[in-house]
Every structure is written in structure tokens, then in C-alpha cells.
Enquirer: 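Got a structure for you, questions after.
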Amino acid sequence: MRHHPYLGRPLFLVHGEGAIVTDIQGKQYLDFNMSNGATMLGHRHPATQRAVRDALENGMITAADTPYHEQLARMLTEIIPSAERVRFASTGTEVTVVAVRLARHVTGRTKLLKFDGHFHGLSDVFLFRAADSQAGDLQAVPSSGGVPASGADDLILVPFNDADAFDKALVRHRGEIAAVILEPVHYNAGCIPPEPGFLEHVRTRTREEGIVLIFDEVLSGFRMDLGGAQAYYGVTPDLSTLAKALANGMPLSALVGRADIMEQLAPTGPVAHSGTYSGHPLSVLAALATLEYLRQPDVYDVLLEVSETFYRDMQAIFDRHGLPVVVQGLGARFGLYFNRRERVRTYADALNHDHELNRRFVLGCLDRGLYMHAYTRQGAPGHCGFSLSHTQEHFAEALTIIEHVSAELVKQS
């Protein structure tokens, strides 16, 4: 994922400061990737810098709990609606795997329902894709070498935002499904929000069927609300996974959820999870500093106002130049869908994305000092985003660059 497919290499960086990154040639870029969304406050943010220095003074106390772990866990129970208990880990992949393991234990079932195109990490259980999403063939096939095809036997794929298809899958597999896992906002395909009422429907039906509902908020957490997408939409899952923005770029993840489920984790229950580096003290103190900053009054009111204006102005530029681009964003992350004029509702919609047009746009922006990452040369686009270190001047500069690049794309066509 560090390889930039449009550049043909990684963008080699040596420094980050606020909203700006510097490459090995000394060229500066206005960063609209922000560590794939992890650096929510900005690079070298004073609050997290101080916290990490304090942690270094305490020494590398790993494989032990500290008062800081308890403080952070308590803070998360106050912030995240689903968080009655908290377990720390290191990566997003780790906590999604443990969430599914827990769900299988408490339900005594094995099947997992996930939504087409949603990303939940790089463990074998999740490395499957639909055979042909655009043709409606949702048979699960491995998306990576080395993944046994037999893993598809316990996996059900359903289109996101399709309540009828979801209901039919629940009926077809009644009594077999341990968990439903989803990105409440599908940021890993740019930004596909849930349709009105869809999350509520999923919550109601999983509760009726005795299925554990897991919100994967590794990417959506803290993005548009302090309590994540679940607070923003008012829908509380049974379990949630958090990472990325949690510690402003430091490696930390958390699995949070209902007490009766979480207490099935060892040592109070038989479900295994452990790790020497889980809840590393550098990351825990960075997370405390990050959340204290995000808890300040009006942070999210300002963030939402700024983001809505920026996305509207960006869409206006593309429209003015007659470029077929749809801008979809919520909070601090957004997606750009090239060769489209209609809103993207599903992963199948996003697969129509024009990577050649996107390539020319991204390289034009990079040439002028605006960094947007690309993740693949095919399929749905990746996500872009900004930090709380981005100022009005930064947004104005980005829009100016986008204006110039859009004009050039029209001339070239």
C-alpha cells in the first residue's frame, strides 16, 4: 500500500510538519493522505510529541499495564457508545480477527457476513472478494495468493446499502451466522455513506437473529464525530474496532464492546488474545493526548463545517470544467470518483472509477505540490483526507491546484 501505482514507486518522505510533508529531494507537499488517515491531528503535533517524550522518559514498559492504560480505557468508555469494556492491541487487523473469534464463541456459530468490498484487514478470514460485483456474482473467491478457497465456506457476501439482499441472506443462513461486520462508512472505497435507515435496519435484524454486530471503525473512528460513525448515526453495535486516528499515527488499536461479550476474552473467558506490544506505552500516551485534543469544545462542529465547504467547492471546480467527477466525503476523509456524474451508493458503483483520468489528475496535483495517494490501478479508488492542522490557507491552496489541474485535463482531452 505504500507503493504509489501512478508514480510507479513509493513517495519517499523524510519529514512531516502539520499539513506538510517533505520528500527526499526536499520538495514539500500539502498532504491530503495523512498516513492513510492515521495522522488526524497533523504531523509532529505538539500534544502527541510531548506525550511520546513523556513515555520515553518512563522507559519501554511493554507486556504490562500502567495507570495510563486504565485512563485510556476509561476515556474510551466515555466516548464510544458501544464501549463497555476495552482491550488494546497493535493493529486493525488484529482486533477485527479477535472480534470475529469472540462472536463465534458467544454464538456457537461459524459463518461471517461481510459487505462486498469492505476492508477489514489482511488476515485470511477477510481476504476474499466477490467473483464479479458488477454482474451481481457475489460468490466469495480468495483475493490473495496463499488463502485457502475453503475459507469461503464460512463467508457470506452481500451488497452494502441493499436491505433486501441483507434480509434474504439472513433467512437463507438462519441460525448459522455468528457475526455481521461492516465499515459503517465505506471509506476504503473512497467514501460511501450508509443510505438513510440502513444501519438501523442492520442493527434491528442482527438483534432479532441473535447475531453479533461488529462495526469496523478502524478508518471511520473519530472522523466525523468524537464517538465515530456509531455516534454520528446513532446506531450502537455489539463490538467495535478502532485504530488509525486513535493515537495520531502511533501504532495502537482497540476492541471495545458489550461487557458480557468482552468478558469472554482471557483471562475471564476462554477466547485467546494476547501480545507483547499490545497497548504499547508510547502509543497509549499518544492516544490520551490525541483524544484530549479531540474532546475540546466545537472541534467537530468546525471540522464538519470546513469539510462540507471544501467538498462543495471541489465539486464545483470539476463541474465548472465539465469533468465527470463525483466528490463524496464525510468529516475528514473523502473519495473522488472519476468518470461518474451520479452518486456512488455501492461498491459495484465504485468499480466504474476511471483510473487513467484519476492518474492524470493525481500526477498533476503531485507536480504542483498536492499529495493524494493512490492504492491500486484498478477497481474502486482509495480514500483521501485532511487533518486538524489543515488551515483555511491550506484548503484554498489545494483548491487552486485542483483548479489548474482540472483546466489542464480539459485541454488534454
Side-chain angles (χ1 to χ4, degrees), residues 35 37-42 45-96 98-99 102 214-223 225-231 236-259 261-263 265-268 273-297 299-300 332 387-388:
S35 311
T39 316
M40 179 79 172
L41 303 188
H45 191 276
T48 51
Q49 290 289 105
R50 285 193 301 271
V52 171
R53 283 195 295 267
D54 289 344
L56 286 169
E57 289 297 318
N58 293 337
M60 294 298 95
I61 307 170
T62 61
D65 277 338
T66 70
Y68 303 112
H69 289 79
E70 182 180 353
Q71 184 181 348
L72 179 57
R74 189 177 301 280
M75 187 181 294
L76 287 171
T77 65
E78 296 168 356
I79 288 173
I80 307 298
S82 61
E84 295 177 356
R85 297 288 187 275
V86 177
R87 177 63 65 95
F88 295 116
S90 299
T91 68
T93 293
E94 184 180 359
V95 286
T96 53
V98 176
L102 264 177
I214 305 167
F215 275 11
D216 182 350
E217 296 228 46
V218 165
L219 192 46
S220 62
F222 316 106
R223 212 58 70 177
D225 189 286
L226 182 62
Q230 59 192 270
T236 303
D238 300 305
L239 298 173
S240 305
T241 59
L242 307 167
K244 290 205 185 288
L246 176 59
N248 198 45
M250 292 294 289
L252 181 69
S253 62
L255 172 62
V256 305
R258 277 172 37 195
I261 298 177
M262 293 290 292
E263 287 171 1
L265 286 169
T268 54
H273 170 255
S274 184
T276 298
Y277 296 110
S278 294
H280 194 283
L282 291 181
S283 300
V284 167
L285 266 72
L288 283 169
T290 299
L291 296 184
E292 286 291 358
Y293 189 91
L294 292 175
R295 290 179 90 171
Q296 294 179 101
V299 164
Y300 284 93
S387 73
L388 296 184

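Residue numbers count from 1 along this sequence.
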Enquirer: So for atom OH, which belongs to Tyr68, do other residues, nucleotides or ligands contribute more than 12 heavy atoms lying within a distance under 6.0 Å?
Expert: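 12 or below, so no.
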Enquirer: Just wondering, do Thr96 and Ile214 contact through their side chains at under 4.5 Å, heavy atoms?
Expert: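 With C-beta onward as the side chain, the pair stays apart.
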Enquirer: Begin with the C-alpha distance, continue with both residues' side-chain angles, and end with the deciding distance and a verdict on side chain to side chain contact (heavy atoms under 4.5 Å, CB included) for Met262 and Val256.
Expert: CA-CA 7 Å; Met262 293 290 292; Val256 305; 5.6 Å; no
Enquirer: Is there a side-chain contact between Met250 and His280 (heavy atoms, below 4.5 Å)?
Expert: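 Not in contact.
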Enquirer: Work out which heavy atom in Arg258 is nearest to a heavy atom in Leu239; give both atom names and the distance.
Expert: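 Taking Arg258 first and Leu239 second, the nearest heavy atoms are N-CD2, 4.4 Å.
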Enquirer: When you measure from the side chain of Ser253 to the backbone of Val95, do you find a donor-acceptor pair of N or O atoms at a distance under 3.5 Å?
Expert: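 No; judged by distance alone, with no hydrogens or angles, the pair does not exist.
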Enquirer: Main chain of Asn248, side chain of His45: is a donor-acceptor contact present, judged purely on distance under 3.5 Å?
Expert: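 Pair absent, no side-chain N/O of His45 close to backbone of Asn248.
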Enquirer: Going by heavy atoms in the side chains, are Met40 and Arg223 under 4.5 Å from each other?
Expert: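 Yes. Closest side-chain heavy atoms under 4.5 Å.
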Enquirer: Can you tell me how far CZ of Arg85 sits from CD1 of Ile261, rounded to the nearest 0.5 angstrom?
Expert: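 The distance works out to 12.0 Å.
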Enquirer: Could you tell me which non-hydrogen atom of Ser278 sits nearest to which non-hydrogen atom of Glu94, and how far apart they are?
Expert: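 Closest approach of Ser278 to Glu94, heavy atoms only: OG-OE2, 3.7 Å.
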Enquirer: Look up atom CG in Leu294 and atom CG in Leu41, then write down how far apart they are to the nearest 0.5 Å.
Expert: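 Rounded to the nearest 0.5 Å, the CG-CG separation comes to 5.5 Å.
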Enquirer: Testing the basics here: between Pro237 and Ser240, what is the closest heavy-atom pair and its distance to 0.1 Å?
Expert: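 Closest pair (atom of Pro237, atom of Ser240, distance): CG-OG, 3.3 Å.
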Enquirer: Please give me the minimum heavy-atom distance between Tyr300 and Phe222, naming the atom from each residue.
Expert: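 Between these two residues, the closest heavy atoms are OH-O, 2.8 Å.
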Enquirer: Given Leu72, which partner from the list Thr77, Thr66, Leu252 fulfils the side chain to side chain contact (heavy atoms under 4.5 Å, CB included) test?
Expert: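 Among the candidates, only Leu252 passes.
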Enquirer: Ignoring hydrogens and geometry, is there a side-chain-to-backbone donor-acceptor pair from Ser283 to Pro251 under 3.5 Å?
Expert: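 Such a contact is found between Ser283 side chain and Pro251 backbone.
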Enquirer: With a 4.0 Å cut-off, would you call Arg74 and Glu70 a salt bridge?
Expert: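 Salt bridge between Arg74 and Glu70, a charged N being under 4.0 Å from a carboxylate O: yes.
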Enquirer: Got Leu246 and Leu291 here, is their nearest side-chain heavy-atom distance under 4.5 Å?
Expert: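 The answer is yes, as the side chains (C-beta and beyond) meet within the 4.5 Å cut-off.
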Enquirer: Return the CG to OG1 distance between Leu388 and Thr39, rounded to the nearest 0.5 Å.
Expert: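 The CG atom of Leu388 sits 11.5 Å away from the OG1 atom of Thr39.
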Enquirer: Considering only heavy atoms from C-beta outward, does the side chain of Leu76 approach that of Phe88 to under 4.5 Å?
Expert: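 In short, these two side chains touch, coming nearer than 4.5 Å.
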Enquirer: What is the minimum heavy-atom distance between Gly221 and Ala245, and which atoms define it?
Expert: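 Nearest pair, atom of Gly221 first, then Ala245: O-CB, 4.1 Å.
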Enquirer: To the closest 0.5 Å, what do you measure between CG (Leu242) and OG (Ser82)?
Expert: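 Interatomic distance, Leu242 CG to Ser82 OG, rounded to 0.5 Å: 7.5 Å.
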Enquirer: Using modelled atom types and a 3.5 Å cut-off, is there a donor and acceptor pairing between side-chain atoms of Glu217 and backbone atoms of Gln230?
Expert: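 Such a contact is found between Glu217 side chain and Gln230 backbone.
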Enquirer: Output the distance between atom CD (Glu292) and atom CE (Met75), rounded to the nearest 0.5 Å.
Expert: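 Spacing of CD (Glu292) from CE (Met75) equals 4.0 Å.
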Enquirer: Does the side chain of Leu255 come within less than 4.5 Å of Leu102's, by heavy atoms?
Expert: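 In short, these two side chains touch, coming nearer than 4.5 Å.
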Enquirer: Can you name the nearest heavy-atom pair linking Ala73 to Val86, along with the distance?
Expert: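 The answer is O-CG2, 3.7 Å.
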Enquirer: Give a yes or no answer on whether the side chain of Arg295 reaches the backbone of Ile79 with a donor-acceptor pair at less than 3.5 Å.
Expert: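 Absent.
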Enquirer: Give, for atom CG of Leu285 and atom CD of Glu57, the distance between the pair rounded to the nearest 0.5 Å.
Expert: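 Spacing of CG (Leu285) from CD (Glu57) equals 12.0 Å.
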Enquirer: Do Thr91 and Tyr277 come close enough that some side-chain heavy atom pair is under 4.5 Å?
Expert: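 They are not in side-chain contact.
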Enquirer: Kindly indicate, with the supporting measurements, whether the criterion side chain to side chain contact (heavy atoms under 4.5 Å, CB included) is fulfilled by Leu288 and Gln71.
Expert: CA-CA 8 Å; Leu288 283 169; Gln71 184 181 348; 3.8 Å; yes
Enquirer: Could you tell me whether the side chain of Thr290 reaches within less than 4.5 Å of the side chain of Thr48, counting heavy atoms only?
Expert: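 With C-beta onward as the side chain, the pair touches.
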Enquirer: Taking the side chain from Thr268 and the backbone from Glu263, do they hold a donor-acceptor pair closer than 3.5 Å?
Expert: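 Yes: the side chain of Thr268 pairs with the backbone of Glu263.
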